[in-house]
Amino acid sequence: MSPMREAYDALASVVGGLTDDRAWEPTGCTGWAVRDLVWHLRADAVRGLVAAHTPAGRAADCDAVTYWGAWGSDPAADERSRRMTRVEAGLHDFASLREGYLDAAAAAVAALTALPDGAVLATQGHAISAADLASTLAVEATLHHADLVAHLAAAGPTAAGLAESRRVVEGLLGRSLDGWTDARVALVGTGRAEPTAAERDDLRDARLPVFS
């Protein structure tokens with residue numbers, strides 16, 4: 001089973017069990033309640049589904065690691081996205097948000113895993129292989145899974161998703177973080193956890209987060 005399928009299945013299992021009274025719980029994402037994050041997750045799954053049906057018609061210009069290079073570099077755009085997501089999510093009851101996400105996530109997994117790994121697809125102005133796009137979606141789902149359960153009594157992200165997230169973080173850092181768990185590399189590397197003193201020594205002059 002691919003990391004994307006595992007990450008999406010695990011996240012869908014958590015989201016599918018949420019009720020309206022849990023939709024207002026906070027998450028690990030600044031300013032977002034559970035309902036806001038689920039709306040964002042639906043949008044990401046829809047993007048994956050659209051990309052699976054959009055051949056790029058040109059060579060790939062990024063891979064599973066370099067795709068993330070520019071993310072988190074525009075605080076003003078991030079703030080607009082946070083506010084827009086809160087407004088859009090607020091227009092829907094939670095049951096429709098939940099079911100919309102579950103449908104889109106299942107469709108995205110089916111569409112992408114049916115493609116040859118080397119098929120080059122278009123998304124967000126990039127051309128990227130199906131395998132690398134699946135990796136980016138697995139990483140996104142894994143990190144947001146951690147965000148979603150930050151204040152919920154629910155299972156966390158998959159080992160495969162955390163391992164893929166680690167691969168990306170270390171790829172962007174340009175070195176391995178020996179002795180760290182996959183979860184610590186993923187969470188510290190993306191600004192979701194503060195490094196300990198020993199971890200700061202390992203990081204030396206690395207700029208964090210490598211993406212968020």
Side-chain angles (χ1 to χ4, degrees), residues 1-12 15 29 37-74 77-78 80-81 84-85 88 100-148 157-176 182 185-186 189-192 207 209-212:
M1 186 180 291
S2 70
M4 180 194 170
R5 183 182 292 279
E6 289 191 40
Y8 266 53
D9 285 353
L11 184 52
V15 173
C29 294
L37 181 51
V38 171
W39 176 257
H40 174 79
L41 292 171
R42 174 192 172 279
D44 205 53
V46 168
R47 181 177 67 81
L49 178 60
V50 170
H53 295 280
T54 310
R58 59 189 174 94
D61 58 34
C62 64
D63 60 26
V65 175
T66 59
Y67 166 86
W68 294 102
W71 286 104
S73 59
D74 189 341
D78 292 344
R80 286 194 299 272
S81 176
M84 185 179 298
T85 296
E88 291 172 338
Y101 161 70
L102 294 173
D103 288 346
V109 171
L112 268 171
T113 55
L115 292 174
D117 286 351
V120 182
L121 308 171
T123 186
Q124 296 175 317
H126 288 293
I128 188 170
S129 74
D132 285 336
L133 177 62
S135 166
T136 69
L137 293 169
V139 169
E140 177 99 359
T142 296
L143 296 173
H144 280 324
H145 189 148
D147 295 330
L148 182 68
T158 66
L162 289 169
E164 186 65 6
S165 301
R166 178 188 192 135
R167 183 176 79 86
V168 171
V169 169
E170 290 184 332
L172 291 170
L173 285 173
R175 66 174 186 271
S176 61
D182 292 348
V185 173
T190 61
R192 287 169 167 80
R207 294 184 60 186
V210 292
F211 68 91
S212 59

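Positions are given from 1, in the same order as the sequence printed here.
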Quick check for you: to the nearest 0.5 Å, what is the distance between Leu137 atom CG and Thr142 atom OG1?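 Leu137 CG to Thr142 OG1: 10.5 Å, rounded to 0.5 Å.
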
How many angstroms lie between atom NE2 of His40 and atom CD of Glu88, to the nearest 0.5 angstrom?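 With rounding to 0.5 Å, NE2 (His40) is 11.5 Å from CD (Glu88).
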
My understanding is that only residues two or more places apart in sequence, or in another chain, count here; which of them pass salt bridge (Lys or Arg N to Asp or Glu O under 4.0 Å) with Glu164?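 Glu164: salt bridge (Lys or Arg N to Asp or Glu O under 4.0 Å) contacts with Arg167.
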
For Arg207, what residues pass the salt bridge (Lys or Arg N to Asp or Glu O under 4.0 Å) criterion, not counting sequence neighbours?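 Not a single residue meets the salt bridge (Lys or Arg N to Asp or Glu O under 4.0 Å) criterion with Arg207.
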
Of the non-hydrogen atoms in [X] and [Y], which two are nearest, and what is the gap between them?
{"X": "Ala186", "Y": "Leu162", "answer": "CB-CD2, 4.2 Å"}
{"X": "Phe211", "Y": "Val169", "answer": "CE2-CG2, 4.2 Å"}
{"X": "Ser135", "Y": "Val168", "answer": "OG-CG2, 4.5 Å"}
{"X": "Val210", "Y": "Leu173", "answer": "CG1-CD2, 3.6 Å"}
{"X": "Cys29", "Y": "Asp147", "answer": "SG-OD2, 3.3 Å"}

With sequence neighbours excluded, what pairs up with [X] under the side-chain contact (heavy atoms from CB on, under 4.5 Å) test?
{"X": "Asp61", "value": "Arg58, His126, Ala127"}
{"X": "Asp132", "value": "Asp63, Ala64, Ile128, Ser129"}
{"X": "Ala141", "value": "Ala7, Tyr8, Leu11"}

With a cut-off of 3.5 Å and sequence neighbours excluded, list every side-chain donor-acceptor pair involving residues 103-123.
from: Thr113; atom 1: OG1; to: Arg5; atom 2: NH2; distance (Å): 3.0
from: Thr113; atom 1: OG1; to: Val109; atom 2: O; distance (Å): 2.6
from: Thr123; atom 1: OG1; to: Arg47; atom 2: NH1; distance (Å): 2.8

Flag the pair Glu140 / Trp68 as yes when at least one side-chain heavy-atom distance between them is below 4.5 Å, and no otherwise.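 The answer is yes; the side chains approach within 4.5 Å.
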
Do Tyr67 and Val139 pass the side-chain contact (heavy atoms from CB on, under 4.5 Å) test, and can you show the C-alpha distance, the side-chain angles, and the key distance before you say yes or no? CA-CA 11 Å; Tyr67 166 86; Val139 169; over 6 Å; no

